[in-house]
Structure formats: structure tokens, C-alpha cells
Amino acid sequence: MEKNITLHQLHKVIQVVMGWKNYHLYEFTIGGRDYQDDEIDEAFDLDDEGLLPSRKYELGILKLKQKFNYTYDFGDSWE
């Protein structure tokens with residue numbers, strides 16, 4: 001996979017592969033830091049929550065063979 005795609009773009013790829021419709025919120029956890037979509041709601045301030053914007057960070061932040069979590073639909077917590 002290309003290292004210059006954003007985490008949000010990876011989210012979109014996962015949605016297609018899994019046959020999901022992008023109806024729910026998502027989060028990547030990489031190295032203990034959480035990344036979420038920063039355009040979900042303008043009233044939601046990522047800085048206050050300690051979250052990082054998934055549309056800004058690219059896969060290049062991952063180290064070789066580094067594991068990460070992807071959580072989709074916080075009610076059901078699909079990982």
C-alpha cells in the first residue's frame with residue numbers, strides 16, 4: 001500500500017473491501033495515539049479530546065511491520 005495515502009483514505013479502502021457503507025465513526029490507534037476524521041462535525045474539537053486528524057496523517061507514520069488498530073462503529077466496536 002502506498003505510504004502517501006492518508007489514514008482517512010485507508011478508512012475508505014477498508015469500507016469498500018468490507019462492503020460497509022461509511023455510516024459510522026471510526027478511529028485508528030497507532031502507537032498509543034488516536035486518529036479520527038476531523039470533518040465529522042465542526043463543533044467537535046479534536047485538540048480538546050487529544051485526537052489527531054486522520055485526513056492529515058499519512059501511512060508514512062507507520063514503522064515497518066508496526067501493528068495498529070482500526071475501530072469502526074463505536075457502538076458495536078468492530079475492529
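All residue numbers in this chain count up from 1 along the given sequence.
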Return a table of donor-acceptor pairs under 3.5 angstrom between the side chains of residues 56-63 and protein atoms on other chains or two or more places apart.
none

Residues Ser77 and Thr71: closest non-hydrogen pair is CA-CG2, 4.1 Å
Closer than 3.5 angstrom, by distance alone: can the side chain of Asp73 be matched with the main-chain N or O of Gly75 as a donor-acceptor pair? yes
With sequence neighbours excluded, what pairs up with Asn69 under the side-chain contact (heavy atoms from CB on, under 4.5 Å) test? Thr29
Hey, could you give me the CD/CG distance between Gln36 and Leu51, rounded to the nearest 0.5 Å? 4.5 Å
Review item, side-chain donor-acceptor pairs of residues 7-18, under 3.5 Å, at least two apart:
unit_1 : atom_1 : unit_2 : atom_2 : d
His8   : ND1    : Tyr26  : OH     : 2.6
His8   : NE2    : Arg55  : NH2    : 3.3
Gln9   : OE1    : Thr6   : N      : 2.7
Gln9   : OE1    : Thr6   : OG1    : 3.4
His11  : ND1    : Tyr70  : OH     : 2.7
His11  : NE2    : Asn22  : OD1    : 2.8
Gln15  : OE1    : Asn22  : N      : 2.7
Gln15  : OE1    : Tyr72  : OH     : 3.3
Gln15  : NE2    : Tyr70  : OH     : 3.1

